*Asks:* 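Quick one: structure below, then a few questions.
In what follows, every chain begins at residue 1, and chains take the letters A, B, ... in the order their sequences are listed. These values consider heavy atoms only, across backbone and side chains, with no hydrogens, waters or symmetry-generated copies. As the structure is a computational prediction, the values presented were derived from the model and not from experiment.
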There are 2 protein chains.
Amino acid sequence: MAQRNTLKYIILGLINERPVTGYELTKAFDSDIGEFWLAQHSQIYPLLKRMEHDQLITHQLEVTGEKLERKRYAITPDGQQELADWLNEPVTKLNANKDEFILKLYFIRDRQDGRLLPMLTTQLQLHQQKRNHLQDQMAQKFPDAAHIEAYGHFLILQHAISREQDYCQWLTNTISNLTA
Amino acid sequence: MAQRNTLKYIILGLINERPVTGYELTKAFDSDIGEFWLAQHSQIYPLLKRMEHDQLITHQLEVTGEKLERKRYAITPDGQQELADWLNEPVTKLNANKDEFILKLYFIRDRQDGRLLPMLTTQLQLHQQKRNHLQDQMAQKFPDAAHIEAYGHFLILQHAISREQDYCQWLTNTISNLTA
DNA sequence: CACAATCATGTAATTATTTACATGTTTTTA
DNA sequence: TAAAAACATGTAAATAATTACATGATTGTG
């Protein structure tokens with residue numbers, strides 16, 4: 001999916017919260033934000049370079065120990081403007097939820113097909129794991145429901161949990177219909 | 001997202017059901033399968049050519065009227081084998097659900113932010129529309145719950161509806177929390 | 001202290017995907 | 001019957017994304 005520039009805006013958003021390194025940005029996709037977008041370091045580093053060239057961000061070198069260098073990127077006013085423009089632009093079309101399991105399922109026409117049950121149970125395990133992990137994240141990051149700092153972050157985590165819960169429920173129902 | 005070959009397998013699966021043209025394959029992504037993967041004709045036609053070269057499919061020319069030619073592709077035994085291999089290979093990792101709206105939401109830290117409510121209501125409308133459309137599809141394609149031909153197709157449509165329902169519910173709850 | 005894991009940053013090659021360019025036919029509708 | 005919509009198939013150029021190649025430093029652990 002060559003989605004127009006989305007990664008650039010995610011990076012702007014993350015850098016806007018606080019100055020970060022390419023390594024930290026890469027890590028961000030292991031966490032909650034990774035539920036809704038993915039990127040590898042090999043995509044991130046060249047993009048940071050381009051964004052700095054376009055004067056959306058700047059960096060400052062940091063050194064740990066003798067030699068280990070790190071570039072900590074900060075957002076510029078131009079970068080903040082572009083981030084704001086993106087945020088203000090309404091989202092009028094929905095992305096496809098790419099899901100390889102669902103596609104395989106589509107091609108299984110026979111309710112009696114022996115592949116169905118193992119596929120569904122494997123998938124249920126995966127989504128239960130994911131749901132549990134997200135619930136742990138919620139407990140860890142938002143222990144006090146009365147004091148939520150990053151409201152958007154809270155909302156998307158809540159949404160991810162709800163989505164996984166729904167996915168698990170559908171799988172569970174399907175399995176029980178099948179085994180009935 | 002350069003997802004390994006998924007489109008190839010989707011095409012094999014669709015051609016396996018019945019011989020189809022590139023145009024029909026393109027159209028398939030406007031319908032239910034498009035909830036879980038997307039492709040344009042500019043990706044499909046060259047891929048069909050490559051797949052025929054790899055002897056996974058063959059085509060037969062059809063003519064309508066005087067000149068309008070159409071290539072109707074059929075699957076070969078090699079193609080069927082590759083499709084079966086793909087179907088039997090367990091899906092062990094989940095795709096990210098790319099969602100640009102959710103990403104924007106992530107960066108809105110303040111519960112009082114004026115952009116929040118319009119974003120949420122716009123998004124609710126989109127997902128309600130999608131849910132309604134999918135429900136219409138369900139009624140049209142599977143009018144008789146007792147006689148379901150393509151069980152996998154039925155399941156993924158059910159899942160898509162459930163997903164949209166959950167999305168709408170979450171948005172509705174969020175909006176009502178916000179306006180309370 | 002040796003080894004493993006993690007930190008840290010890049011580039012190259014390949015593949016996937018989108019957007020734009022390009023052309024012509026047939027069917028439907030006003 | 002003229003125009004619009006849908007049918008039908010392709011290629012080219014650009015962008016996005018993955019996988020592999022490449023290197024080295026620091027920290028934690030046994």
Side-chain angles (χ1 to χ4, degrees), chain A residues 1-11 15 19-31 33-34 36-54 57 59-73 93-98 100 103, chain B residues 1-11 15 19-31 33-34 36-54 57 59-73 93-98 100 103:
Chain A
M1 179 175 337
Q3 198 73 25
R4 216 54 170 187
N5 272 334
T6 306
L7 182 58
K8 180 172 89 174
Y9 298 113
I10 296 171
I11 289 176
I15 297 182
V20 289
T21 66
Y23 189 80
E24 287 167 344
L25 288 169
T26 303
K27 282 304 171 73
F29 292 96
D30 294 338
S31 185
I33 219 169
F36 302 102
W37 206 267
L38 286 179
Q40 267 73 46
H41 79 275
S42 56
Q43 197 184 357
I44 291 169
Y45 286 113
L47 183 50
L48 284 170
K49 202 166 261 192
R50 197 190 95 200
M51 289 167 71
E52 184 162 42
H53 173 266
D54 294 344
I57 54 177
H59 82 268
Q60 221 179 307
L61 270 182
E62 283 179 7
V63 183
T64 297
E66 282 299 300
K67 315 183 183 176
L68 190 61
E69 290 191 338
R70 226 170 349 200
K71 293 182 182 173
R72 191 162 296 277
Y73 288 92
K93 60 175 210 165
L94 306 177
N95 299 71
N97 276 240
K98 296 196 170 185
E100 204 174 340
L103 292 166
Chain B
M1 161 184 347
Q3 199 74 23
R4 218 47 168 198
N5 272 332
T6 306
L7 181 58
K8 181 172 89 174
Y9 298 113
I10 296 171
I11 290 177
I15 297 181
V20 289
T21 66
Y23 189 80
E24 287 167 344
L25 287 170
T26 302
K27 282 302 172 73
F29 292 95
D30 294 338
S31 183
I33 218 167
F36 303 103
W37 207 267
L38 286 179
Q40 267 73 47
H41 78 275
S42 56
Q43 196 183 358
I44 290 169
Y45 287 113
L47 183 51
L48 284 170
K49 200 165 262 192
R50 197 190 94 200
M51 288 168 70
E52 184 162 42
H53 173 267
D54 294 343
I57 56 177
H59 82 267
Q60 221 178 305
L61 269 183
E62 283 179 6
V63 182
T64 297
E66 283 300 298
K67 314 183 182 175
L68 191 61
E69 289 193 338
R70 226 172 347 202
K71 293 181 182 174
R72 190 162 297 277
Y73 287 92
K93 59 174 209 164
L94 306 178
N95 299 72
N97 275 241
K98 296 195 169 185
E100 203 173 344
L103 291 166

*Asks:* What distance separates A:W37 CH2 from A:N95 CG, expressed to the nearest 0.5 Å?
*Replies:*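 Output value for this atom pair is 6.0 Å.
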*Asks:* Can you find a side chain N or O atom of B:Q40 that sits less than 4.0 Å from OP1 or OP2 on C:dT18?
*Replies:*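 It does, given that an N or O in the side chain of B:Q40 lies less than 4.0 Å from OP1 or OP2 of C:dT18.
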*Asks:* Rounded to the nearest Å, what distance is computed from the NE2 atom of residue A:H59 to the P atom of nucleotide C:dA8?
*Replies:*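 In whole Å, C:dA8 P and A:H59 NE2 are 15 Å from each other.
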*Asks:* If I take atom CG in residue A:L7 and atom P in nucleotide D:dA17, what distance separates them, rounded to the nearest angstrom?
*Replies:*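 From A:L7 CG to D:dA17 P: 7 Å.
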*Asks:* Check whether any side-chain N or O of B:Q43 sits under 4.0 Å from OP1 or OP2 of C:dA16, and answer yes or no.
*Replies:*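 No.
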*Asks:* In whole Å, what is the span from the CG atom of B:N5 to the C1' atom of D:dA17?
*Replies:*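 Taking atom C1' of D:dA17 as the reference, CG of B:N5 is at 14 Å.
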*Asks:* Using whole Å, what does the distance between atom C1' of nucleotide C:dA8 and atom CG of A:L25 come to?
*Replies:*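 In whole Å, C:dA8 C1' lies 13 Å from A:L25 CG.
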*Asks:* Looking at B:K8, does any N or O in its side chain come under 4.0 Å of the phosphate oxygens OP1/OP2 on C:dT17?
*Replies:*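 No.
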*Asks:* Rounded to the nearest Å, what distance is computed from the CD atom of residue B:E66 to the P atom of nucleotide C:dT26?
*Replies:*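 Rounding to the nearest Å, CD of B:E66 and P of C:dT26 are 7 Å apart.
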*Asks:* Among B:T26, B:I57, B:I15, whose side-chain contact (heavy atoms from CB on, under 4.5 Å) with B:V20 holds?
*Replies:*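 The passing option is B:I15.
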*Asks:* Within the distance-only criterion (no hydrogens, no angle test), does the side chain of A:R72 pair as donor or acceptor with the backbone N or O of A:P19 below 3.5 angstrom?
*Replies:*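 Between the backbone of A:P19 and the side chain of A:R72 there is a qualifying donor-acceptor contact (under 3.5 Å).
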*Asks:* Can you tell me how far C1' of C:dT11 sits from CZ of A:R50, to the nearest Å?
*Replies:*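 Going from A:R50 (CZ) to C:dT11 (C1'), I get 17 Å.
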*Asks:* Identify each donor-acceptor pair in which a side-chain atom of residues 41-50 of chain A lies under 3.5 Å from a protein atom, sequence neighbours left out, and give them as a table.
*Replies:*
residue: A:Y45; atom: OH; partner: A:Y23; partner atom: N; Å: 3.4

*Asks:* Collect all protein-nucleotide pairs involving nucleotides 6-10 of chain D in which both atoms are nitrogen or oxygen and the distance is under 3.5 Å.
*Replies:*
residue: D:dC7; atom: OP2; partner: B:Y23; partner atom: OH; Å: 2.7
residue: D:dC7; atom: OP2; partner: B:K27; partner atom: NZ; Å: 2.6
residue: D:dC7; atom: O5'; partner: B:Y23; partner atom: OH; Å: 3.3
residue: D:dA8; atom: OP1; partner: B:R70; partner atom: NE; Å: 3.4
residue: D:dA8; atom: OP1; partner: B:R70; partner atom: NH1; Å: 2.2
residue: D:dT9; atom: OP1; partner: B:K71; partner atom: N; Å: 2.8
residue: D:dT9; atom: OP2; partner: B:Y23; partner atom: N; Å: 2.9
residue: D:dT9; atom: OP2; partner: B:Y45; partner atom: OH; Å: 3.0
residue: D:dG10; atom: OP1; partner: B:K71; partner atom: NZ; Å: 2.5
residue: D:dG10; atom: N7; partner: B:H41; partner atom: NE2; Å: 3.4
residue: D:dG10; atom: O6; partner: B:H41; partner atom: NE2; Å: 2.6

*Asks:* If I take atom CG in residue B:L38 and atom P in nucleotide D:dA17, what distance separates them, rounded to the nearest angstrom?
*Replies:*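 My rounded result for the distance is 14 Å.
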*Asks:* Going by an N to O cut-off under 4.0 Å, is there a salt bridge joining A:E62 and A:K71?
*Replies:*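 So A:E62 does not pair with A:K71 through a salt bridge.
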*Asks:* In Å and rounded to the nearest 0.5 Å, what is the NZ to CG distance from B:K98 to A:L94?
*Replies:*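 Rounded to the nearest 0.5 Å, the NZ-CG separation comes out at 15.5 Å.
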*Asks:* Take the protein atom CD of A:Q60 and the nucleotide atom P of C:dT9, then report the distance between them rounded to whole Å.
*Replies:*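 The distance from CD of A:Q60 to P of C:dT9 comes to 14 Å, rounded to the nearest Å.
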*Asks:* Does the side chain of B:Y73 come within less than 4.5 Å of B:L25's, by heavy atoms?
*Replies:*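 SC-SC contact between B:L25 and B:Y73 ruled out.
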